[in-house]
Amino acid sequence: MGRKADGLYINSKKFGVVGKPCMKEMLSFLGCLSLNKNNDDKCVRQKDLLLACAEAQRGKPKNPARTINYHLQRLGRDKFL
């Protein structure tokens, strides 16, 4: 499925495959929280893994040329000038 914007076809499924960093760690932490009635004292290991993953991702720069919003803004610039 995709959307059309003034003759421009955007395949939204193509952009949904982008890697989601730290997803496993976040799911394990949220699962631990739900099992322990939102008591994060019992989920220290999962919390540390999630924080370590988030710290590792902090240094990685995002490439704006690959996002759909970048391309939509780039294509829309010509119409409003």
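Looking at Cys43 and Asn36, their side chains come closer than 4.5 Å, going by heavy atoms from C-beta outward.
Following chains of ILVMFWY side-chain contacts shorter than 4.5 Å, one cannot reach Val44 starting from Leu27, and the two form parts of different hydrophobic clusters. In this structure, Met26 is not a member of the same hydrophobic cluster as Leu49, with clusters built from ILVMFWY side-chain heavy atoms closer than 4.5 Å.
If you take OG on Ser28 and CD on Gln46, they are separated by 5.0 Å, rounding to the nearest 0.5 Å. Asp48 contributes atom CG, which lies 9.5 Å from atom CZ of Phe29 (distance to the nearest 0.5 angstrom). Taking NZ of Lys42 as the start and NZ of Lys37 as the end, the distance is 8.5 Å to the nearest 0.5 Å.
Think of Leu35 as one node in a network of Ile, Leu, Val, Met, Phe, Trp and Tyr side chains linked at under 4.5 Å; it has no links at all.
Cys22 is linked by a side chain to side chain contact (heavy atoms under 4.5 Å, CB included) to Glu25, Leu50, Cys53, Gln57, counting only residues two or more places apart in sequence or in another chain.
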